[in-house]
Every structure is written in C-alpha cells, then in structure tokens.
Student: 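Below: one structure in structure tokens.
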Amino acid sequence: MRNFTRKIWGGVFTLMLLVSFGTSVAFAQTTISGTVTDAGTKETLVGVNILVKGKVIGTITDLSGKFTLNVAQQPPFTLIFSMVGFTSQEVEITGGVSNLTIALAESSIMGQEITISASRVEESIMQSPVSVEKMDIIAIREVPQASFYDALNNLKGVEMSTQSLTFKSFNTRGFNANGNVRTVQMIDGMDNQAPGLNFSVGNIAGISELDLESVELLPGASSALYGPNAINGILLMNSKNPFQYQGFSANVKTGIMNESSRSTASTGFYDFSARYAKAFSNKVAFKVNLAYLSADDWQANDFRDQSLLNGSTIENGSRTNNPGYNGVNIYGDESSQNMFSVAQSLVQAGLLPQAALGIIPQTQVSRTGYAERDLADYGTKSLKLNAALHWRLNDRVEAIIQGNYGFGTTVYTGADRYSIANFNIGQYKAELRGSNWYVRAYTTQERSGDAFAVGIAANAINEAWKPSEVWFGQYVGAFAQQKLTGATDQVAHTFARGAADQGRFTPGSPEFNQARNNTTSTPIPGQFLTAPRRIGSQFVDKTNLYHLEGSYQFKDIKFADFVIGANYRSYQLNSEGTLFALDEAGSEFNIAEYGGYAQGSKKLFNDKFKLTASVRYDKNENFDGQWSPRVSGVYTAGNHNFRASYQTGFRIPTTQDQYIDLVTPQARLIGGLPLFRDRYNFSQNPVYSLATVTNFGAAVLRDAGTQAVRDAAVQRAIQILLSQGITPTPERITPLAAQLVPVIAATNNQGLLVEEKLTSFQPERVKSLEIGYKGLWGNRLLIDTYAYFNRFENFIGGQVLIQDRNPQAGNPASDLGLNLLSANTRNVYSMPVNRKEIIESWGWALGADYKLPKNYSVGGNVSFNTLSNLDELAETGFQPSFNTPEYRYVLNFANREVVKNVGFAFSYRWQGEFVWQSSFVAPAVSSQQLSVMPAFGTFDAQFSYKLKSLKSILKVGGSNLFNSNGYRQAWGNPTVGTMYYVSLTFDEFLN
C-alpha cells in the first residue's frame, strides 16, 4: 500500500510538471487595467474578484480599488467582476485597456447565489435540481451565534447534537446520532471524517472561520454524485482562494460560558485566529491560517437514575433511596448484583451463616460510581493550522498543494462517553484543476492521542481499588450484620455502603490519579479476564485514509451538458492490534473502494425545463457493487422554479462495523463480515439472539418455581438413585432433585431456543422521492419548500448474540441450553446486522425570507420529519434511533446596517420533544421509550459595528439567552448554557 501511495502522489506531481511545460505555443500578452467602484456610493471597492471566463487566470482589486491583469490570449475574451453582496458583471474585452472603469451595484435581489454542490457544475441556486442551503461570506460574518458551525442549526431542516463545545454533529431528515455516519462533511473537496471512526469530528479539526468562503448543505441522499455514506446529507465547506482573498486578517474573540450545574458556573473562553494570503503576480499565491480556542467545556451533569431497579423511576431514583442507582452521567455504577445471589455464594463459601438468607432481600445493588467531571478532561482546546500554495501553471490550469492540521481535546458520546484528549488529524492534498475539470489526491491521518472511554475508566478505578466480588461480599455481609441488630433496610443499606466503600479512592487524590493514569494509558481492553487484572480504557486509533479522484465537464457537446468522475479510496486500519481484527499474518486489514459517475442534463421546452440524470457505481472489496441513479427535473417560469427528483443513496458499513474485534466486560464486539462468523464457529456452534435467550431463561425460571416441576425432579431423582442401586433417602433425594429442577424446566421450554439465522452483511440503502419549489415574489419574498419520502432497506443496527462457550455432546446443560443462561458458561457477541424491516420516513420543510424597507429582513423556516411505519417497527421490537423531533422552527430578524456602520441579527430556534435511542441509553430505559429529550427554545443575538478607519468589525453577542436551565440535545450529552461573547475582526481588505 505504501508503494501504491507513493505512485499516486508521484503521478500527481508528474502530471503537474507535464501540464506546466506542455504548452509550447507562445500567446501574445493582453494587458487590462482599471478601477472598480460601488455604483451607489462611488467609493472604490477593495478585493473585487476579476476572472477570465472559462480560465483560471485572474486577479483582485488592490487597496485603492485598482487592478492590472495580463492575459496570455488575444481578444476577444470576457472578464467576470464579482464580489459578495454585489451583482456580478461580465465585460467583453476586445483589446488592451488601461483605464477600464467598472461600477458594481449592490445586490438587491435575493436568490442570486451560484452553487456547484447540487450537480457538480455551476448553476443558479434557484434552479438547483435538489434542495440546497448556502451561507456566503456575509452570512457567515453576521450570524448571531458564536461560530459559523453553531449557525448551521439555523438552516432549514438541520439538527445538531452537541457533545462538547467543539464537537457537534449535524444531521438532516432523521436518524440523528452522535458522530453521525450517515452524513458527510467535506472541506475543499476532502472528506473530513476520522478514518477509524468514519464520521466527522465537528469542527475541532476543521476550517478557520476567517478562511471560510462558503458553506453548502445538501439534505438527503447525495450518493449519486458524492459516493458512499452521503445517505442523509452532505456539508461542503469551501475555503478562500489566496489569489482572490489577499492580505492579513485576524480575529480575537472572548467571553463567558455560564451554566448553573457546572463545577464552576461561569468560566471564560478564548478564541484567536489569523490569516495571511499573498499573490506574486498572477502566477503564484499562498496562504497560511492559524486558529486556537481554549475553554472549560460544557459538562454532562445528568444525575437521574436510569437503572429502573428496586421500584425506582428516572425522576425519583437516587443513591439515597435506590441501592441499585445508575446515574446517566455517573460511571462505574453500571456494575450491579442481586444481594440474595451474593448471599448464597457467601453461604456456600462458609462466609455467611445459612440462617442469614432469611434477612437478605432480592434487591439489586450497584457499586458507587464517579461523576463524569471527576474523570473526563474538560479543558477543551482546538488548534487548527492550514497552509496552501496555489500555482497557475498556465491560463488553463491551477495547481494546489494544501495541508490542514487539527489538534485538540474534546468529549464525544458513543456507546460510552469518550474523553478525546490530545486528538489530532492531518489532511494533505495535491490538486490540479481547470475551469471544467480537476484531479485531486489527498490523505487523512488520524491519531487518537490520549483518548479514553470514561465509563470503562471508572470501572477500572473501582476494580483497581477493590475487586467487585470482594466489594459486593462486604456490602452484603455488613447489611446482614445491621439487620441482625434490628436496623431498618434503609439504615442497613447506608451502613453497608459505608463499610464496603471504606478507603475508596477519592477524586483528585494521589491514589485516584494513579489508578486513572494506569487505565487511561492501557489500551482497551487491557487484562481483565485473568489476574492480575488491569482494565484498559485508552482508545488507540492511527488509521489513515488515501483518496484519489477526478472529474471532467464536457463543454464541446452542444445538445446536452455532461460531467463524469471517478475515485479510488483506501483505508489502512491501525489500532496497534487493540480494536480491529488481525489477518493470518498478524496485521490489521486494509480496505479498498472505487467508484465512478456520469451525469447528463438537457434544457427542453424553450429552456424552461431542465432534465438531469446521473448514475454512479461504487465497489467496496468486502461488498457487492452498488448502483446509485438519480433523475431530476426543474421547470422555470420567470422567478418561480418547480423541481422533482428521485434519488438513491447507500452507506457502506463503517470500518468498525466491518473489522472491530474487541473484548469488553459486557461482550465481544465483532464486525459483520463473514470472517468473524467463521472465526467464532457460528456454523458449528449456533448463536441465539439475546431476546430468545432472555425469553428462554424467563420460562425456565418460571417453571422451576412450580410445584409440578419440583415434584417431577423428586421422582426423577428417585429413579436415578434406584437405577444406580442406591437407597433413595431424603438426604440423597433433595440435592439431586435441586440439580434436576432447571434441567426439567429447560426440557419443557426447548421450543423457545430458536437458532439465529444470520443473513449476508450488506450496505444500507435509501430510495428518496422529493418535490420542491423555490421562487422570488416581487424581488422581496424568497420562498423555498420541499417534501420528501424515504424508504430505507438493509438498515444497519446492532445485534447481541449468545453462544454456548463449551458445547459438548451428551452434556445435559449444554444440550438443554442452560449454558446460555450463565455468564460463566456462555459467549456474548455484539455485532452489526442488516435489519429485515423496511423503514419509511417522510417530511417537509418551508423557508421564507422577506426583505423589508431600510435594509431590514425577516425570515425563518419550519420543518417536519417522522417515521411513517413506526407502528409496524414497534411490533418487531426494533428501535430505529430516528432521534428527531417532529417539528422544529427558526425565526430570524436582522439589519446589516440599521444606521451607518451598525448592524444586528436576532434568531430564535425551537424544537419539540422526542425519544433518543442509542447504545448509550440504559437498556431498561430504552426498551420503555423513557429517554425523552424535552422541547426547548434558544434565542441568539449579535450587534456589530464597522470601524472603517481600523478596517475592523466589532461584534457583541450571546447565544441561548434567557434560557436559564440550558438544554441537552441527546441522552447523556452535556447541558448547553448561555454564552456571551465579544469579538474584533481586522481585515486588510475590509470594505
């Protein structure tokens, strides 16, 4: 693979040189110079982009609004003058010009943006064949939120899951998740996913806001053009070209984060960024970016009881009134045992008198846990570095070499809460592009740093101090001691916990810190099956991704427009042997993917109707090839555009879904590929679903308690003794009958044990129908609306499977399935499988923006998403983790210049309550649909003042104002409070 990678990069650089020196014709130089002004104010405009149409050559106006451009082409040709906030102009050049004067008019008509994301070719956003949301430079600069990434939540139909100040996951159209694997995020054409995790890590290692030119969002299936995993949407972030955006700019932002349940309610945060770009003539330009943020993070402080044990509920359960308490953000208390079962073991070991069993209740008891803030690193930080060199090899080709590097500390929610400390990720790209084509090669290098699983770490600290078998034994012994003195159950429980916890490591103590360091420096899973036990919680991942792609748009075909493209991708798994399966040579696997697409579009009916059709084929070496067709049509009548589309999308199982092989205290996590079924002998030693084994166990327990089974056991015991020539006395019958009771009960219920028949593991697919309208009414009211219907097939979900650890022919317990009921005699696997259920969802959204007199604007959007066959899914017990409120809306009110140099923007966002389903939710809570996320609303505001003499903008604002209780967006995630900020942005080319 390394040789292949070197060949790819060598080929890209060779191609650069060939293109650079391959133009042997010497063109005459045409020089154009002039000035660009504001048509309204007559002031010169700084930083106006001037580009030769159909080529990559261009320049910008300098600090005095002047420009000079040398073009290696004889006239005629066309220059395009453009600037955000102004209407673009095309000017035909027929000869050399030295005093050209261009006046750009401020854009007064909405919906003039150009987008490339919907069809991979430039087109009006009004005539896009699918839904597109876009934020340009001005919109990014004027969002009321503290960052542009937070402002994504204002876009139509977008949901966010906040796991940390710097780690947020976006989603559209349902199936929201922390670390969403059904959406794709790209920066300058590079997939921003962490290769070993297969999802984007928010903007912790993303793009600096100073360098961000635009954000485009396509909700829904986008696989037809963008390939695997863009099944629920794709976010494209484009940085500023150093030829077009030159000079020095910097931003300083600081403020206060406030939320009452934090360790310290109010803390400061600090954010600094700087950018410098310079063009040397029209041939070479470079840019460098630096951004750094530091803060005390939002804290996950949900202490409600999710055990539902001993009669407790989520709202009233506590450590005081429930010995089996399991707090949502308390860790280590997931470990629990039944007191009576512990007492029986103590009696058998001679550590408790037989008579004590009469005073021990059938009560579940859990170990004392640690709060998340005692374990996780809440000192969040984010460092982002970027550098790029742009080289115009000639007027038709531009070469780019770019590097992005991100380093940081944050917290992420998966099956556990993960403290992602000192995480870093690098992306490095070489690209050649013309006006209608590009070839791009890049690599993503992920390094997990000092990341660890918080819940596992808490259990490890508890076990390092005192093994659970000792702790539970001491608890039950102390409880019995108190009961024999006549104490009440509550008093006895309090005494027992105090006795068992005596000497427990206190958070912050040297002993606690040492135990924490031991587990967080030991890779998962560590050594916990045999003594001496040392549970590992460190998450190790050093996976790399390599990607090569190209695209070409045909311009010489007259009857229709065509674009083609192809890509190749390779994942090199590397967890240092801790997370992923090993091959026969003892190495971790590599995964290869490739794909290609073709698209054609044709205007019909006097250019009023545009028909677009595309098809894509993708192949992953572990799965069958996938076809992804898309057909769309847009009918344009003046400023009104009606669209309809049929789209398909698919999601290839993640690298972990394919190759994970990890032993945890609860189960062995394995991938869904056939190699695991062979490796763990599923064909010869069958597996059973957890639901099947649970039902079987409940039936055995129920029958074992009946008099009929006990009587049958006695009769069977008598027969066995007689057949062995032994006199059946009561002393001999009783113990033998006790052994036979579960055997007889299991025999009576053998029909409940149905072997799980696993189907082949396949990519997840969606078929989507969408209709929409986008129109401009009276040049003041912009309306954008859509409705969609989705049908998901092969939906990927987790499955827990139980297997007899030591099946032996003739072993009664093994034959009868009793081995499946004991933790000591069974194997437990957790693996991804394709669900047989078809999942159907539908929804709609409506957005409207109205331009009022005197530069005021008002607008908003509302969206609706739901599962249409939820009742059918409920009958099978399947939880699809839709994780989306039915209704959400956003209201905006703004004025970019209410008085000279002063502007403001307000936004209010609301979403309804919904049930959150994920592997982080306790099974008892999840099965009863009790993990409800309450409805909430937030109000954000900002005021800005242009300091033109200083070429700066002062901005004061706040997010989540007036919401004193804060809000949570997912189960177990932190409470997001109020944020107040002030920022100062300097831009050398600021108008």
Student: Take T44 and T35 through the test side chain to side chain contact (heavy atoms under 4.5 Å, CB included) and record every step on the way to the result.
Tutor: CA-CA 7 Å; T44 57; T35 304; 4.0 Å; yes
Student: Can you see whether Y245 has K240 sitting over its ring - NZ or CZ less than 6.0 Å from the centre and within 45° of the normal?
Tutor: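 Judged by the rule (NZ or CZ under 6.0 Å from the ring centre, within 45° of its axis), K240 counts as positioned above Y245.
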Student: Quick one: does Y438's side chain get under 4.5 Å of E431's, heavy atoms only?
Tutor: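 Y438 vs E431: side chains touch.
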Student: For V143 and Y981, work out which heavy atoms get closest and say how close.
Tutor: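 Smallest interatomic distance, heavy atoms only, reads O-OH, 4.1 Å.
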Student: Tell me every residue that passes side-chain contact (heavy atoms from CB on, under 4.5 Å) with N855, counting only those two or more places apart in sequence or in another chain.
Tutor: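 Counting only residues at least two positions away or on another chain, N855 forms a side-chain contact (heavy atoms from CB on, under 4.5 Å) with N895.
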Student: Considering all heavy atoms of both residues, which atom of P242 and which atom of A279 are nearest to each other, and what is their separation?
Tutor: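 That would be O-CB, 4.5 Å.
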Student: I'd like to know if the side chain of D62 and the backbone of K66 have a donor-acceptor N/O pair within less than 3.5 Å.
Tutor: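 Here the side-chain-to-backbone pair exists.
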Student: Do side-chain atoms of S33 reach the backbone of S98 as a donor and acceptor pair under 3.5 angstrom?
Tutor: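 Checking the backbone N and O of S98 against the side chain of S33, a donor-acceptor pair under 3.5 Å is found.
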Student: Taking K283 for its side chain and F280 for its backbone only, find out whether a donor-acceptor pair lies under 3.5 Å.
Tutor: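 Such a contact is absent between K283 side chain and F280 backbone.
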Student: Taking side-chain contact (heavy atoms from CB on, under 4.5 Å) as the definition, give me every residue that meets it alongside D150, ordered by chain and number, with sequence neighbours left out.
Tutor: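 By the side-chain contact (heavy atoms from CB on, under 4.5 Å) rule, D150 matches Q145, A146, S147, K168.
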Student: Where do W391 and L393 land on the side chain to side chain contact (heavy atoms under 4.5 Å, CB included) test, with the steps shown first?
Tutor: CA-CA 6 Å; W391 176 21; L393 305 178; 3.1 Å; yes
Student: Looking at CG of L236 and NZ of K134, how far apart are the two atoms once the value is rounded to the nearest 0.5 Å?
Tutor: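 Between L236 CG and K134 NZ, I get 11.0 Å after rounding to 0.5 Å.
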Student: Is the shortest heavy-atom distance from the side chain of L210 to the side chain of D987 under 4.5 Å?
Tutor: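 L210 vs D987: side chains apart.
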Student: Under 3.5 Å, is there a donor-acceptor pair between the N258 and S266 side chains?
Tutor: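 Yes, because at least one side-chain N or O of N258 sits under 3.5 Å from a partner of the opposite role on S266.
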Student: Taking distance alone, no hydrogens or angles, what donor-acceptor pairs closer than 3.5 Å link side-chain atoms of residues 45-55 to residues at least two apart or in another chain?
Tutor:
| unit_1 | atom_1 | unit_2 | atom_2 | d |
| --- | --- | --- | --- | --- |
| K53 | NZ | E90 | OE1 | 3.3 |
| K55 | NZ | Q73 | OE1 | 3.4 |

Student: Between T380 (side chain only) and D297 (backbone N and O only), is there a donor and an acceptor less than 3.5 Å apart?
Tutor: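 No; zero donor-acceptor contacts below 3.5 Å.
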Student: Does the side chain of T409 pick up a donor-acceptor pair with the side chain of D377 at under 3.5 Å?
Tutor: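 Result is no, nothing qualifies.
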Student: Is the shortest heavy-atom distance from the side chain of N251 to the side chain of F272 under 4.5 Å?
Tutor: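 No. Closest side-chain heavy atoms not under 4.5 Å.
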Student: Please enumerate all residues that pass salt bridge (Lys or Arg N to Asp or Glu O under 4.0 Å) together with R896, with sequence neighbours excluded.
Tutor: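 Salt bridge (Lys or Arg N to Asp or Glu O under 4.0 Å) check on R896 returns E142.
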Student: Can you pull the side-chain hydrogen bond (donor to acceptor under 3.5 Å, both in side chains) pairs that have at least one residue in residues 284-295, sequence neighbours excluded?
Tutor: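 Of all non-adjacent pairs touching residues 284-295, those that pass side-chain hydrogen bond (donor to acceptor under 3.5 Å, both in side chains) are D211-K287, D211-N289, S239-K287, N289-N386.
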Student: Excluding sequence neighbours, so at least two apart, what forms salt bridge (Lys or Arg N to Asp or Glu O under 4.0 Å) with K156?
Tutor: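 K156 satisfies salt bridge (Lys or Arg N to Asp or Glu O under 4.0 Å) with E133, D784 only.
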Student: Is there any salt bridge (Lys or Arg N to Asp or Glu O under 4.0 Å) pair reaching into residues 384-393, and which pairs are they, with sequence neighbours excluded?
Tutor: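 Applying salt bridge (Lys or Arg N to Asp or Glu O under 4.0 Å) to every pair that reaches into residues 384-393, excluding sequence neighbours, yields R392-E398.
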Student: List in chain and number order the residues that pass ring-ring contact (aromatic ring centres under 6.0 Å, His included) with F81, two or more places apart in sequence or in another chain; answer none if no residue qualifies.
Tutor: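 So F81 forms a ring-ring contact (aromatic ring centres under 6.0 Å, His included) with F67.
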Student: Please walk me through it: do Y412 and F199 pass ring-ring contact (aromatic ring centres under 6.0 Å, His included)?
Tutor: CA-CA 12 Å; Y412 153 67; F199 56 79; 5.1 Å; yes
Student: What pairs with Q185 under side-chain hydrogen bond (donor to acceptor under 3.5 Å, both in side chains), at least two apart in sequence or on another chain?
Tutor: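 Q185: side-chain hydrogen bond (donor to acceptor under 3.5 Å, both in side chains) contacts with Y149, N192.
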Student: Check for a donor-acceptor pair, side chain of S200 on one end and backbone N or O of G202 on the other, with a separation under 3.5 Å.
Tutor: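 The answer is no, because no donor-acceptor pair under 3.5 Å joins these two groups.
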Student: Is N153 reaching over with its side chain to a backbone N or O of V158, donor-acceptor style, under 3.5 angstrom?
Tutor: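 Checking the backbone N and O of V158 against the side chain of N153, a donor-acceptor pair under 3.5 Å is found.
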Student: My understanding is that only residues two or more places apart in sequence, or in another chain, count here; which of them pass ring-ring contact (aromatic ring centres under 6.0 Å, His included) with F939?
Tutor: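 Testing F939 for ring-ring contact (aromatic ring centres under 6.0 Å, His included), a comparison that skips the adjacent residues, returns F906, F962.
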Student: Is a donor on one side and an acceptor on the other found under 3.5 Å between the side chain of S169 and the backbone of G179?
Tutor: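 Flag set: sc S169 to bb G179 pair under 3.5 Å.
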Student: If you define the side chain from C-beta out and look only at heavy atoms, does anything of Q402 sit under 4.5 Å from Y428?
Tutor: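 The answer is no, as the side chains (C-beta and beyond) never meet within the 4.5 Å cut-off.
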Student: Run the side chain to side chain contact (heavy atoms under 4.5 Å, CB included) test on Y405 and N424 for me, step by step, so that the C-alpha distance in whole Å, both residues' side-chain angles and the decisive distance to 0.1 Å come before the verdict.
Tutor: CA-CA 7 Å; Y405 175 81; N424 67 87; 3.4 Å; yes
Student: Going by the rule side-chain contact (heavy atoms from CB on, under 4.5 Å), which residues pair with L984 if we only count those two or more places apart in sequence or in a different chain?
Tutor: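 Partners of L984 under the side-chain contact (heavy atoms from CB on, under 4.5 Å) test: L947, S952, L954.
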Student: Supply the atom-to-atom distance D271 CG to E209 CD, rounded to the nearest 0.5 angstrom.
Tutor: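 Between D271 CG and E209 CD, I get 8.5 Å after rounding to 0.5 Å.
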Student: Once rounded to the nearest 0.5 Å, what's the spacing between atom CG of L69 and atom CG of L79?
Tutor: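 Reported to 0.5 Å precision, the distance equals 6.5 Å.
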Student: Is it true that the side chains of Q445 and N544 contain a donor and an acceptor less than 3.5 Å apart?
Tutor: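 There is such a pair between these side chains.
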Student: Quick one: do T183 and L235 satisfy side chain to side chain contact (heavy atoms under 4.5 Å, CB included)? Show the steps, please.
Tutor: CA-CA 8 Å; T183 58; L235 183 73; over 6 Å; no
Student: Return the set of residues passing side-chain contact (heavy atoms from CB on, under 4.5 Å) with L852 (not counting sequence neighbours), or none when no residue passes.
Tutor: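 Testing L852 for side-chain contact (heavy atoms from CB on, under 4.5 Å), a comparison that skips the adjacent residues, returns Y850, Y856, V858, F893.
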Student: Any donor-acceptor pair under 3.5 Å linking the side chain of D296 with the backbone of T267?
Tutor: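 Side chain of D296 to backbone of T267: no pair is present.
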Student: Relative to each other, are the rings of F248 and Y276 parallel, tilted or perpendicular (30° and 60° limits)?
Tutor: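 Ring orientation, 0 to 90° scale: tilted.
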Student: Counting C-beta onward and ignoring hydrogens, is there a side-chain heavy-atom pair between M135 and L217 closer than 4.5 Å?
Tutor: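 No, side chains not in contact.
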Student: With a 4.5 Å limit on heavy-atom distance, are the side chains of Y980 and L961 in contact?
Tutor: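 Answer yes - side chains close enough.
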Student: Rounded to the nearest 0.5 Å, what separation is found between the CD1 atom of I60 and the CZ atom of F243?
Tutor: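 The CD1 atom of I60 sits 10.5 Å away from the CZ atom of F243.
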Student: With a 4.5 Å heavy-atom cut-off, do W298 and Y378 have their side chains touching?
Tutor: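 No, every pair of side-chain atoms sits at 4.5 Å or beyond.
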Student: Would you kindly say whether N960 and T938 are connected by a side-chain donor-acceptor distance under 3.5 Å?
Tutor: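 No, no side-chain donor-acceptor contact under 3.5 Å.
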Student: Taking all atoms of both residues into account, what is the closest heavy-atom pair of E259 and V976, and its distance?
Tutor: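 It is CG-C, 4.4 Å.
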Student: Taking side chain as C-beta onward, heavy atoms only, is R275 less than 4.5 Å from V288?
Tutor: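 R275 does not reach V288 side chain to side chain.
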Student: If we count only N and O atoms by modelled type, under 3.5 Å, do the side chains of S214 and D136 hold a donor and an acceptor together?
Tutor: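 Result is no, nothing qualifies.
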Student: Can you measure from CD1 (I140) to CE (M237) and round to the nearest 0.5 angstrom?
Tutor: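 Answer for the CD1-CE pair, I140 versus M237, is 10.0 Å.
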Student: Could you measure the distance from the CG atom of N70 to the OG1 atom of T59? Nearest 0.5 Å is fine.
Tutor: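 Here the rounded value is 9.5 Å.
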Student: Which atom names give the shortest non-hydrogen contact between M257 and A295, and what distance separates them?
Tutor: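 What the structure gives for the nearest pair is SD-CB, 3.9 Å.
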Student: State, to 0.1 Å, how close Q193 and I425 come at their nearest heavy-atom pair, and which atoms those are.
Tutor: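 In this case the closest contact between Q193 and I425 is O-CD1, 3.9 Å.
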Student: Locate the shortest heavy-atom distance separating A399 from L432; write the atom from each residue and the value.
Tutor: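 So the minimum-distance heavy-atom pair works out to CB-CD2, 3.7 Å.
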Student: When you check the side-chain N and O atoms of T410 and S164, is any donor under 3.5 Å from an acceptor?
Tutor: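 On atom types as modelled, these side chains qualify, holding a pair under 3.5 Å.
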